[in-house]
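Read the structure below first, then the notes.
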Amino acid sequence: MLKRRRTQKLKRNVIYSTATRRRIMLRGLHKKIIWRRRMFAMQQMEAQDTIPAGN
């Protein structure tokens with residue numbers, strides 16, 4: 001039982017060790033980062049709009 005678990009864990013690590021898998025994972029992370037930056041930029045723009053232009 002323990003031996004079987006260990007091999008499954010190793011297999012899972014092997015799956016993610018291939019170049020294409022790593023690239024896919026990185027792309028997913030990058031998408032998240034870009035999305036967060038865009039949301040932050042939108043918040044900043046909204047904050048600027050609320051400031052009166054007369055100052």
Would you call I34 and H30 a side-chain contact if the rule is heavy atoms closer than 4.5 Å?
yes
With a 4.5 Å cut-off on side-chain heavy atoms, are F40 and R36 touching?
no
CD1-OG1 distance between I24 and T18, expressed to the nearest 0.5 angstrom
7.5 Å
Partners meeting side-chain contact (heavy atoms from CB on, under 4.5 Å) with R23 (sequence neighbours left out)
A19, T20
Under 4.5 Å between side-chain heavy atoms, chaining through other members, with only Ile, Leu, Val, Met, Phe, Trp and Tyr counted: pull out the rest of the cluster around W35, sorted by chain and number.
M39, M42
